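In this text, all values refer to a predicted model and were calculated from it rather than measured experimentally.
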Amino acid sequence: MKRILFVNVLILLMFAGISYWSEEKHQIEAAMAERGDAGTITAGRPETTENESKETEESTADDYIRWVDFSVSKFAMAEAYEYDRDTYGTDVHISWIDLLAYVASYTGGVFDNDQTVCKYMEQMKDKIGQGEKFTKVVKDLEYFPYYQEAYRAVLGGMVGEYEIEVPAEDDSERKVWEKRYGLKAFCPIAKGFPYTDYDDFGASRSYGYKRNHLGHDMLGQIGTPVIAVESGYVEALGWNQYGGWRIGIRSFDKKRYYYYAHLRQGFPYQPELKEGSVVLAGDVIGYMGHTGYSTTEDVNNIDQTHLHFGMQLIFDESQKDGNNEIWIDCYQIVNFLYRNQSEAARNNETKEWRRIYEMKDPDAEAYERTADYSMYP
């Protein structure tokens, strides 16, 4: 009798195991489907060099970051950025990424106390101001290299030198070019267009399969212009049953993948965009809508009009798709970027919106800009 009972238990365990792994396989495949079918696009960027090919072949090495919990506050980013910008070109200049990594080395990556953040930032500023070498200041901080690399992956393309058009001082409609150092990344929503948001990263989703929300929803009106946060190249474009009409843009250093989903029905993005197109930070790339949750293209199955904005980190190409993806909570980043919004104007004939002030990004100089921006004045 005991032997029969034991055999029955084994059979039940075997079927439970099969059911579990079947469900796991389904969830992984669905997760990959939600990201879309985009592979690495070579159009619109330099060809892969021999050294890069060799690095790709050696990507089996276990020397890359596998997880990042980015919890840097808007306050901390603002404090670090303003010091970076204001001291650029001086002997006491410190990159905002290094400042944030220094604080994280003491707090374990926690930024929920503004007073503590300021304490450690001032500590580093004082040491550099007294003539200490940066390498000496961080030498004994065991986790500084990790936080430096992780935060560089998140924020690496957002601050630097660039040129941008500004209104001429003579009150005419003329524009002039101005060289700057500072924030060259933009809020995902164009200037003057209202939206609401809250920190919804990790919230439950059930369409297709049970999963967590790996992005940030910005609620607004249909047709609101959606802005490229950072310069990069289009890696994914088209319909996805989860994200609806969506655009995926990869940063030039390949560390960041920006995901813009649920775009407008009928006219989701700028007509000249295609996979491989190069866009600049601040460009209008698409329009807010509520498409998705359907295997049929161009269907509005999302109840609330909003932009799903997501950021994926990629330290190794093996993390690009599948169950090793690293998506971060970008709520604080979006709120920080609100200080830099791209202004757009509507063409009444084509009904398209285009940025008013063009930009020159040095990071994009080596890449072919394939999109047609002839509508710019």
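The neighbour count for Asp170 CG, taken as heavy atoms of other residues, nucleotides or ligands under 6.0 Å away, is above 12. By the 6.0 Å contact criterion, CD on Glu349 is open, its count of non-hydrogen atoms from other residues, nucleotides or ligands being 12 or less. The local environment of OH in Tyr143 is sparse, with at most 12 non-hydrogen atoms from other residues, nucleotides or ligands closer than 6.0 Å.
For Asp298, the side chain to side chain contact (heavy atoms under 4.5 Å, CB included) partners at least two apart in sequence or on another chain are Trp245, Gln265. In this view, Ser251 and Asp253 satisfy the side-chain hydrogen bond (donor to acceptor under 3.5 Å, both in side chains) rule, not counting sequence neighbours. For Lys125, the salt bridge (Lys or Arg N to Asp or Glu O under 4.0 Å) criterion is met by Glu122, not counting sequence neighbours.
Between Tyr331 and His216, the ring centre distance stays below 6.0 Å. Checked against the 6.0 Å centroid criterion, the rings of Tyr242 and Tyr293 do not qualify as a close aromatic pair.
Checking Tyr257 against Glu235 by side-chain atom types alone, no donor-acceptor pair falls below 3.5 Å.
Residue pairs that meet the side-chain hydrogen bond (donor to acceptor under 3.5 Å, both in side chains) test with at least one member in residues 147-158, sequence neighbours left out, are Asp98-Gln148. Under the salt bridge (charged side-chain N to carboxylate O under 4.0 Å, His left out) criterion, the residue pairs touching residues 176-195 are Glu178-Arg180, Lys184-Asp361, Lys184-Asp363, with sequence neighbours excluded. Applying the salt bridge (charged side-chain N to carboxylate O under 4.0 Å, His left out) test to residues at least two apart or on different chains, none of the pairs has a partner in residues 127-137.
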Yes or no on side chain to side chain contact (heavy atoms under 4.5 Å, CB included) for Phe336 and Val72, after CA distance, side-chain angles and deciding distance? CA-CA 11 Å; Phe336 168 71; Val72 180; over 6 Å; no

